[in-house]
Amino acid sequence: MMRALYSSVAGLKTHQTKMDVIGNNIANVNTVGFKSSRTTFSTMMYQTTSFASGANAQTGKGGVNAKQIGLGATFASTAIDIDTGGASESTGKAFDLKLSDKNSTSFYIVNTGTENVFTRAGAFYVDGAGNLCMESTGYMVMGWQVDANGNIRKDTVTPLKIMSNDNQTSNPEYTTQGVCSGILDDNSTNVNSDEGYAMNLRIYDNLGYAYTARFAAQKTGDKGEYTINLTDIIDDNGKSILTADGKAGLGDLWGGGQGSGVYITDYYKVASGMGNTMTKLANDIVKAQAANGIPYNFTSEYLNELFAPNKADALDPGLRVEAQVTYDTTNSTYTFKEWKIYESNGAEYTGTLPTWMQTSTVSPSKQHTVKADLEDEYAKGNLKEVKDSQGNTFYVLDSAKARDLYEEYTKNADDPANPTVQNYASGDLWVAVDANGNVTGIQAPEGTATTSPLAAWATSLYGGNYNDTLEKHLGDGYLVLNTADVNNAGIFTTDLPKDAEVRYKFGENGAWSYEITTPGTDGYKAQFSTADGSLTYIGSEGKKTQTLRLSNFMDEGNPFSDIEIDFSTLKNLSNGAASTAAMTNGDSAGEGEGKRVGSLIGLSVDQSGKIYGSYSNGNTALLGQIAVARFANASGLESIGENCYRTTMNSGEFDGIGVEMDSDGSTIDSGTLEMSNVDLATEFTQMITTQRGYQANSRVISTSDGILEELVNLKR
């Protein structure tokens, strides 16, 4: 009986242990990463009352089995169900990480401060020092760091400090690429204006400072011909960086002498009270050059309106005509001296001049002789005085004398007997004389057609009806103010580009105005196909890109890089009189766009455990990688509580480096946690069988107790 009692007691103990394991499993049914355990029993020692005997041929008896009585059950082992994954719980948090094993069981490596231990619980967070840690314990997650080239360095695992001071910001990048795309429509108002169609390109320097390069597209020729001009580069405060004291101007950075010049007046405002200073600069030019010739400038189109008798005798369009005009301060009279004509790119014009501008038939010395002859005739009283309808006094040079002078001073050098101009039409001329008897002009009489060779000669000789016509329009000519002087005087609220042209115009009664244009050398010709509107070239045959040469900005410490701008997708099409062309930084794939300094705004983990930082400037940087550990016998790990395990002699050792999670096809799933793998149905079933086993053992004890009681009662 005593054996039965003690066997049942042993049975009670083992079933109680099993209930303890079941209770622990159920208690951790919602513990992140928990792995359930199961128990196994084994029999205890057996008491042998009779040993086994073999068969005896001599006696003819067979063998007898041993007689053994068991002494109960004992607790054999607990086995952790380490390989079975738990259910997934979606949390959406970047550092809630689930290990999804493919072929082998993986563990995160965390450090307690004294040793590396292992866990399946992936509920992590970033602590105040920027370390990736376990939420529950603060143990630091271990992994690999990034080297100087931004690559993972697989070495002994160290704590992942993913929010260090070094990675709080992302370095800026300067702009190296740009694209101009869209449509230029010939019927668009802006492309046909003096200001052009505006396009802006956002650029960055090597420190992340942003600038805006302003461009303008103008239709400048036959169908399909445009010019793309640079009008300024301004910083984020709206100030030009191409000022007069800088090294580079617009023409240094863009263009090759193909520009059309763009009106940029509206970009700049006169500072309060500085209008008088601008007028003073203009008057200084007049005073300094009054005797030798004041450089008044006119557009060829404007002078054609004034003087060209017909289109065949007109100046080419797009020219700048500099009229050298002397000013007699004593008598307040202007005298034409000579023309200087320039192309839009600044080169001297070499084309054929119209008749009304030609001075080659009368040399300066002959002009002087004619003037002296006329003054001599005037002094002798041979010139008859007349007055025009305005009361102005002139003196008549009769047709005979006029013819003599004309023929004398227009003789062909190779054939002196013949005048240069044929079909001479004789007629009187009017001579203007000042109070000192000096001839100041010669022209056809009032009301007489000015298309005769004689009148043309008078025009070429003295500027013809300059005093009657051009002087009245002198305010429509302009003086070019020195940009450095303008900037140094602080006339505008922001400095002008170094090679901008300030055109000052005198007006009536003290009124004045100004215009600002870009130089004629800061553009590229863009030629489009008239067949399909595609870009044929920009700048020169075969080119569809051009470079904003910011390397010319300064010699040392230049913060910029050259920017290659792709125009290949720009088209010249009809689009309802609306142009849509625009510039963007970066190429078609977004490379080379340049960036500001970026601040860390987000963190993410990919399936291989690599941790990336996202920055406000659009950059993404690799900050580290979570390493995992794998063991030959993961079930042999020792559970040390707090969802952590430690290696044992039977689990296999950790080499201190670990492996990549995706090395065998496994993944780390971000925003998901691994739940407990406890199966309540199994646990409840085990609980029932354990309860029955416990009850049965207790019945054995009570039955044995009853038998013993009967035995005791035999003595009564």
Side-chain angles (χ1 to χ4, degrees), residues 13-41 75-93 95-101 104-113 115-125 132-142 626 628-631 633-648 650-651 654 661 666 668-694:
K13 289 181 178 181
T14 54
H15 282 82
Q16 180 62 57
T17 301
K18 185 173 184 178
M19 276 302 300
D20 292 341
V21 173
I22 293 171
N24 182 61
N25 288 342
I26 294 175
N28 287 284
V29 68
N30 289 316
T31 299
V32 174
F34 178 78
K35 300 298 182 181
S36 63
S37 300
R38 64 185 178 89
T39 57
T40 56
F41 298 160
F75 177 68
S77 69
T78 57
I80 301 175
D81 188 8
I82 201 78
D83 297 325
T84 302
S88 297
E89 177 187 0
S90 179
T91 66
K93 295 177 62 177
F95 289 116
D96 280 349
L97 307 175
K98 178 180 181 292
L99 297 172
S100 297
D101 295 314
S104 55
T105 303
S106 305
F107 295 85
Y108 299 113
I109 308 159
V110 294
N111 190 272
T112 66
E115 64 174 331
N116 289 331
V117 294
F118 312 94
T119 183
R120 294 277 299 185
F124 302 139
Y125 82 112
L132 187 63
C133 301
M134 289 182 69
E135 278 186 352
S136 57
T137 62
Y139 295 166
M140 288 191 286
V141 180
M142 309 293 280
I626 298 172
V628 297
R630 295 186 180 129
F631 300 94
N633 175 28
S635 296
L637 293 171
E638 174 189 356
S639 179
I640 59 174
E642 297 179 322
N643 280 346
C644 293
Y645 302 90
R646 181 185 290 125
T647 59
T648 66
N650 197 39
S651 64
F654 171 58
M661 183 62 184
S666 301
I668 294 178
D669 300 330
S670 179
T672 304
L673 288 176
E674 180 184 11
M675 298 304 295
S676 167
N677 68 349
V678 173
D679 181 5
L680 283 177
T682 299
E683 298 303 322
F684 285 150
T685 300
Q686 291 293 323
M687 192 186 303
I688 292 170
T689 60
T690 302
Q691 180 183 11
R692 295 304 179 209
Y694 192 90

**Prompt:** By side chain to side chain donor-acceptor pair (under 3.5 Å), which residues pair with Thr40, not counting sequence neighbours?
**Reply:** Ser77
**Request:** Please identify each residue that fulfils ring pair (Phe, Tyr, Trp, His ring centres under 6.0 Å) with Phe118, with sequence neighbours left out.
**Result:** Phe631, Phe654
**Request:** Report the residues that fulfil salt bridge (Lys or Arg N to Asp or Glu O under 4.0 Å) with Lys93, sequence neighbours left out, ordered by chain and then residue number.
**Result:** Glu135
Please list, one pair per line, the donor and acceptor atoms closer than 3.5 Å that link side chains of residues 20-29 to other protein atoms, with sequence neighbours excluded.
unit_1: Asp20; atom_1: OD1; unit_2: Gln16; atom_2: NE2; d: 3.2
unit_1: Asn24; atom_1: OD1; unit_2: Asn28; atom_2: ND2; d: 3.1
unit_1: Asn25; atom_1: OD1; unit_2: Ser37; atom_2: N; d: 3.0
unit_1: Asn25; atom_1: ND2; unit_2: Ser37; atom_2: O; d: 2.6
unit_1: Asn25; atom_1: ND2; unit_2: Glu683; atom_2: OE1; d: 3.3
unit_1: Asn25; atom_1: ND2; unit_2: Glu683; atom_2: OE2; d: 3.3
unit_1: Asn28; atom_1: OD1; unit_2: Thr31; atom_2: OG1; d: 2.8
unit_1: Asn28; atom_1: ND2; unit_2: Asn24; atom_2: O; d: 2.9

**Prompt:** Between the side chain of Arg630 and the main-chain N/O of Met661, is any donor-acceptor distance below 3.5 Å?
**Reply:** yes
**Message:** Test of understanding: with side chain to side chain contact (heavy atoms under 4.5 Å, CB included), list the residues that count as partners of Thr685, not counting sequence neighbours.
**Reply:** none
**Message:** So, using salt bridge (Lys or Arg N to Asp or Glu O under 4.0 Å) as the criterion, who are the partners of Lys98 when residues are at least two apart?
**Reply:** none
**By side chain to side chain donor-acceptor pair (under 3.5 Å) - contacts of Thr112 (at least two apart)** = Thr114
**Asked** Nearest 0.5 Å, what's the OG-OH distance between Ser136 and Tyr125?
**Response** 9.5 Å
**Item:** Nearest-0.5 Å distance that lies between atom NZ in Lys35 and atom CD in Glu674
**Value:** 4.0 Å
**Heavy-atom pair of closest approach, residues Thr648 and Gly636** = OG1-O, 2.5 Å
**Message:** I need the minimum non-hydrogen distance between Ile80 and Ser635, along with the two atoms involved.
**Reply:** O-OG, 3.6 Å
**Asked** Do any pairs count as a salt bridge (charged side-chain N to carboxylate O under 4.0 Å, His left out) and have a residue in residues 80-90, sequence neighbours left out, and if so which ones?
**Response** none
**Request:** Examine distances only and state if a side-chain atom of Thr690 and a backbone atom of Gln686 form a donor-acceptor pair shorter than 3.5 Å.
**Result:** yes
**Request:** Please identify each residue that fulfils salt bridge (Lys or Arg N to Asp or Glu O under 4.0 Å) with Asp101, with sequence neighbours left out.
**Result:** Arg120
**Main-chain N/O of Thr84 paired with Asn677 side-chain donor or acceptor, under 3.5 Å** = yes
**Partner residues of Glu642 under the side chain to side chain donor-acceptor pair (under 3.5 Å) criterion, sequence neighbours left out** = Tyr139
**Prompt:** Hey, mind stepping through Thr647 and Leu637 against side chain to side chain contact (heavy atoms under 4.5 Å, CB included) and telling me if it holds?
**Reply:** CA-CA 5 Å; Thr647 59; Leu637 293 171; 4.2 Å; yes
**Message:** Do Phe107 and Ile82 have side chains that approach each other closer than 4.5 Å (heavy atoms only, starting at C-beta)?
**Reply:** yes
**Complete:** Taken to the nearest 0.5 Å, the spacing of Leu97 CG from Ile668 CD1 works out to 6.5 Å
**For Gly122 against Val32, the heavy-atom pair lying closest together** = N-CG1, 4.3 Å
**By ring pair (Phe, Tyr, Trp, His ring centres under 6.0 Å) - contacts of Phe34 (at least two apart)** = none
**Request:** Supply the atom-to-atom distance Glu638 CD to Ser651 OG, rounded to the nearest 0.5 angstrom.
**Result:** 9.5 Å
**Message:** Measuring from atom CG of Asp669 to atom OG of Ser90, what distance do you get when rounded to the nearest 0.5 angstrom?
**Reply:** 10.5 Å
**Message:** Quick check for you: to the nearest 0.5 Å, what is the distance between Asn643 atom CG and Met134 atom CE?
**Reply:** 6.0 Å
**Residues forming a ring pair (Phe, Tyr, Trp, His ring centres under 6.0 Å) with Tyr694, sequence neighbours excluded** = none
